[in-house]
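Quick note: residue numbers are just sequence positions, from 1.
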Amino acid sequence: MSFFRALVGAVRAARHAPRLAEGLTPDDDVLLDAPDGRLAPALVAAALGDPEPSAKLLATTRDAGEWEDRDRYVRRLATFAYSRGEWLDRWLEAAPRDPDALLVSAQLAVGRAWESPARAERLRELDPLLRPLAEESGRDPVPWRLALDHARGAHAGHAAFEGLWERALLRSPHHYGCHVAALTYLSARWYGSDRAAFDFAEQAADDAAPGSLVRALPVRAAHEALRPPAAGRGPGASGPPAAGPRPDTVRIDAAADRGLALSAAFGAGDPWPAEVRNLLAYVLVERGRWEEALAEFGRTGPYATSFPWAVGGHDPLRRFLATRDRARTEVARRTPLRERVGTISGRSGPRGR
């Protein structure tokens, strides 16, 4: 019987999989971490050694209070400077007190410290750089997000982390990056538990405005719950990861439902929610919700993101494409040979065109 079922599944996959590829961006057209129309010129100029477009871009986000964009741009510019930092050196030489240059430099320094075997010690050495940067940031929450990431890696205690979190909230009560930093600290992989992470994420999502990326925070908690515990993360941790409790599938599925509602508020192929959609597709696949996962891959359009696909050292673009193909195959395998298109994809009308 198992052989017969496998044979039928293979026939279904061969019949339906090509049609189910309709609406998905072709593999060769999928872009990994594609910059938006404002960041792309700054990166091109940086590649040529010119920091001025980056300086103007970050100054604009700071003056306009575009904190989510500012956070993304700081991360991307620091990532670029990791291997090609001449433009950043030139910027700091010309304007050593520029808060935007200092912020990118601090993000880069924290990223490098995280890669060190002596991570905690290296991060603590950055305190003199990060503390004044946050204290002098005014309304800008991004230095506080960086301070929260730094504190987690430096093994800050709950009281110290909570103090940073409260000060971050004073700058921007609904900043997505700060919420992600707090959620990660509260996760079972670090200093909390799945329950603590879900409690925090669900409350934050309930309080967030419609359309805010914070509404997707439970999906982030679901992703954390689906990952195995990590060794060597918290103080005193050593040896292989301990087997933890089974993930709370009820809360994971509820988080996915929240994510689907948020995704539906944006147009297909919109780059703004791309990371959230990639994360949601990951969670839906892990839960075996194949049709919803395939539909979400369709909504991502050409925008693949390194997170979550690079987690675990994978090639993120290859893993994105492989997982998307797996979702398509699984939907095809479950589609009866004479099933109508309307019941597969939600469209009405006869099969075929």
Side-chain angles (χ1 to χ4, degrees), residues 58 60-75 78 99-100 102-104 106-107 110-111 114 123-124 126-127 129-224 234 251 255 258-259 262 272-273 275-276 279 307:
L58 291 186
T60 297
T61 61
R62 176 163 42 86
D63 293 341
E66 298 171 338
W67 307 129
E68 304 295 358
D69 280 337
R70 179 174 176 78
D71 203 354
R72 294 186 187 199
Y73 297 156
V74 165
R75 293 174 189 260
D100 301 323
L102 290 173
L103 182 55
V104 175
Q107 178 73 59
V110 169
W114 269 86
L123 286 170
R124 293 187 190 112
L126 297 177
D127 279 342
L129 171 66
L130 297 177
R131 189 175 299 276
L133 191 65
E135 295 289 351
E136 299 169 10
S137 63
R139 299 182 301 123
D140 185 1
V142 180
W144 292 96
R145 188 272 305 158
L146 184 57
L148 290 168
D149 287 340
H150 167 268
R152 173 165 51 90
H155 299 331
H158 288 281
F161 192 90
E162 185 176 350
L164 291 172
W165 167 246
E166 290 175 351
R167 300 176 77 177
L169 286 184
L170 292 176
R171 273 72 185 176
S172 181
H174 303 293
H175 182 245
Y176 180 65
C178 287
H179 278 78
V180 169
L183 173 64
T184 307
Y185 185 92
L186 290 170
S187 71
R189 291 176 57 80
W190 288 92
Y191 306 105
S193 63
D194 288 345
R195 179 176 180 178
F198 271 116
D199 287 347
F200 172 79
E202 290 165 359
Q203 185 62 61
D206 290 342
D207 294 341
S212 169
L213 295 182
V214 175
R215 287 189 169 246
L217 209 62
V219 182
R220 192 95 181 204
H223 173 262
E224 289 291 336
R251 295 184 92 167
R258 283 180 181 254
L262 177 66
W272 173 253
E275 184 178 276
V276 166
L279 182 62
F307 180 82

Identify the two heavy atoms, one from [X] and one from [Y], that lie closest to each other, and give their separation to 0.1 Å.
X	Y	answer
Trp67	Thr61	CZ3-O, 4.2 Å
Leu217	Ala204	CD2-CB, 3.9 Å
Phe198	Pro218	CE2-O, 3.9 Å
Ala201	Ala221	CB-CB, 4.0 Å
His179	Pro173	CE1-O, 3.1 Å

Do the side chains of [Y] and [X] get nearer than 4.5 Å, heavy atoms only?
X	Y	result
Tyr73	Thr60	no
Arg72	Trp272	yes
Asp140	His175	no
Leu58	Leu103	no

With a 3.5 Å distance limit and no angle check, can you tell me whether [X] reaches the backbone of [Y] through a side-chain donor-acceptor pair?
X	Y	value
Arg215	Ala209	yes
Trp144	Ala134	yes
Arg171	Arg167	yes
Arg124	Ala154	yes
Arg139	Ser172	no

Quiz item: Considering residues at least two apart in sequence or located in another chain, which fulfil the ring pair (Phe, Tyr, Trp, His ring centres under 6.0 Å) criterion with Tyr185?
Solution: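 Residues passing ring pair (Phe, Tyr, Trp, His ring centres under 6.0 Å) with Tyr185: His158, Phe161, Tyr191.
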Report the distance from atom [atom1] of [X] to atom [atom2] of [Y], rounding to the nearest 0.5 Å.
X	Y	atom1	atom2	value
Glu224	Leu183	CD	CG	6.5 Å
Asp149	Leu164	CG	CG	11.0 Å
Leu130	Leu148	CG	CG	11.0 Å
Asp194	Arg189	CG	CZ	11.0 Å
Leu133	Gln107	CG	CD	10.5 Å
Asp199	Ser193	CG	OG	7.5 Å

Quiz prompt | Between Trp114 and His150, ring centroids under 6.0 Å | solution =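 Between His150 and Trp114, which both carry aromatic rings, the centre distance is not below 6.0 Å.
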Quiz item: When you look at Leu262 and Val219, which way does the side chain to side chain contact (heavy atoms under 4.5 Å, CB included) test go after all the steps?
Solution: CA-CA 11 Å; Leu262 177 66; Val219 182; over 6 Å; no
Self-check item: Evaluation steps, side chain to side chain contact (heavy atoms under 4.5 Å, CB included), between Trp165 and Leu169
Solution: CA-CA 6 Å; Trp165 167 246; Leu169 286 184; 3.6 Å; yes
Exercise. Take Val142 and Ser137 through the side chain to side chain contact (heavy atoms under 4.5 Å, CB included) test and state the conclusion after the steps.
Key: CA-CA 8 Å; Val142 180; Ser137 63; over 6 Å; no
Practice problem: Check the pair Glu202, Arg251 against salt bridge (Lys or Arg N to Asp or Glu O under 4.0 Å), reporting the backbone distance first and the verdict last. | Solution: CA-CA 10 Å; Glu202 290 165 359; Arg251 295 184 92 167; 2.7 Å; yes
Exercise. Give the C-alpha distance, both sets of side-chain angles, the deciding distance and a yes or no for side chain to side chain contact (heavy atoms under 4.5 Å, CB included) between His174 and Glu68.
Key: CA-CA 10 Å; His174 303 293; Glu68 304 295 358; over 6 Å; no
Exercise. Under the salt bridge (charged side-chain N to carboxylate O under 4.0 Å, His left out) rule, collect the residues that match up with Asp100, sequence neighbours excluded.
Key: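 Counting only residues at least two positions away or on another chain, Asp100 forms a salt bridge (charged side-chain N to carboxylate O under 4.0 Å, His left out) with Arg62, Arg70.
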Quiz item: Between Phe307 and Arg220, is there a cation-pi geometry (under 6.0 Å to ring centre, at most 45° from the normal)?
Solution: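 Yes - Arg220 lies over the ring of Phe307, closer than 6.0 Å to its centre and within 45° of its axis.
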Self-check item: Residue pair Thr184 / Trp190, side-chain donor-acceptor N/O under 3.5 Å
Solution: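 The criterion, which ignores hydrogens and geometry beyond distance, is not satisfied for Trp190 and Thr184.
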